[in-house]
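The block underneath contains the structure these notes are about, expressed in structure tokens.
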Amino acid sequence: MAPGASGTLIQLTDATSCSLPGLRDAVLQRVNAARSDGYVCGMETLPRVSALRWNDILFSAAARHTLDMAARNYFAHDTPEGVPFWQRLSAEGYGFFTAGENIAYGQSSVDSVIAAWLGSEPHCRNIMNPLFTEVAVACVNNVWTMELGGG
């Protein structure tokens with residue numbers, strides 16, 4: 001695995017999962033259930049698409065951004081310095097053809113954050129995008145980041 005911006009990948013721990021047991025499996029189950037059935041995003045029914053698999057580099061990028069948002073009290077896809085998600089993914093060592101990001105604030109469970117994303121048309125479209133093959137979600141103090149990618 002490629003090292004992250006600090007030289008190492010951030011791991012899935014209580015600190016990067018809001019202490020939610022089984023976060024990884026719960027995310028994959030909930031997201032892939034929507035993808036396997038097809039989903040209505042806004043006014044359009046999107047067809048079923050293949051399952052996503054977890055990616056540790058995407059997780060490290062998601063965790064790094066979530067930790068930063070929580071520590072510096074901001075909520076945005078770009079850092080206060082203007083660094084967009086795709087540059088953060090590259091800096092983490094993730095090679096991609098296409099990528100997307102969902103962020104959320106305030107949800108206290110995987111079910112509630114995935115439901116919120118699926119209830120928002122642009123976030124839902126990210127989850128249902130057939131070009132995405134990999135996913136990871138981090139949570140810190142009920143601040144959430146989902147990174148999606150496809151090589």
Worksheet item: For N141, does the CG atom have more than 12 heavy-atom neighbours from other residues, nucleotides or ligands under 6.0 Å away?
Response: no

Discussion item. Would Y39 and C124 count as a side-chain contact (heavy atoms from CB on, under 4.5 Å) here? Give the steps.
Written reply: CA-CA 8 Å; Y39 211 85; C124 181; 3.6 Å; yes

Worksheet entry | Minimum heavy-atom distance F132-N126, with the two atoms named | CD1-O, 3.1 Å

Discussion item. Taking the side chain as everything from C-beta on, heavy atoms only, tell me whether L118 gets closer than 4.5 Å to R30.
Written reply: yes

Fill in: Shortest non-hydrogen separation from T16 to A63 and the atoms involved
CG2-CB, 4.0 Å

Worksheet item: So which heavy atom on Q107 is nearest to which on N142, and how close?
Response: O-OD1, 3.0 Å

Fill in: E147-Y94 side chain donor-acceptor pair, cut-off 3.5 Å
no

Practice prompt. Would you mind reporting whether T79 and D68 have side-chain heavy atoms less than 4.5 Å apart?
Written response: yes

Discussion item. What I'd like to find out is whether the side chain of H123 reaches to under 4.5 Å of the side chain of M146, using heavy atoms alone.
Written reply: no

Worksheet item: Can you tell if the side chain of H77 reaches within under 4.5 Å of the side chain of P84, non-hydrogen atoms only?
Response: no

Worksheet item: For the residue pair L28 and L52, what are the closest heavy atoms and their distance?
Response: CD2-O, 3.6 Å

Discussion item. Counting C-beta onward and ignoring hydrogens, is there a side-chain heavy-atom pair between R53 and T133 closer than 4.5 Å?
Written reply: yes

Discussion item. Other residues, nucleotides and ligands only: do more than 12 of their heavy atoms fall within 6.0 Å of CG on N73?
Written reply: no

Fill in: Q11 and T13: side chain donor to acceptor below 3.5 Å
no

Worksheet entry | Derivation of the side-chain contact (heavy atoms from CB on, under 4.5 Å) call for L148 and F85 | CA-CA 10 Å; L148 301 127; F85 80 93; over 6 Å; no

Worksheet item: How is the hydrophobic cluster of Y74 composed, in terms of its other members, when Ile, Leu, Val, Met, Phe, Trp and Tyr link through side-chain heavy atoms under 4.5 Å apart, directly or indirectly?
Response: M69, F75, I103, Y105, V143

Worksheet item: Can you name the closest pair of heavy atoms from T98 and L131 and give their distance?
Response: CG2-CB, 3.7 Å

Item to complete: Return the minimal non-hydrogen interatomic distance between L89 and A99, and the atom names on each side.
Response: CD1-CB, 3.6 Å

Item to complete: With salt bridge (charged side-chain N to carboxylate O under 4.0 Å, His left out) as the test, would you mind laying out the steps for R88 and E92 before giving the verdict?
Response: CA-CA 6 Å; R88 290 186 281 100; E92 203 67 36; over 6 Å; no

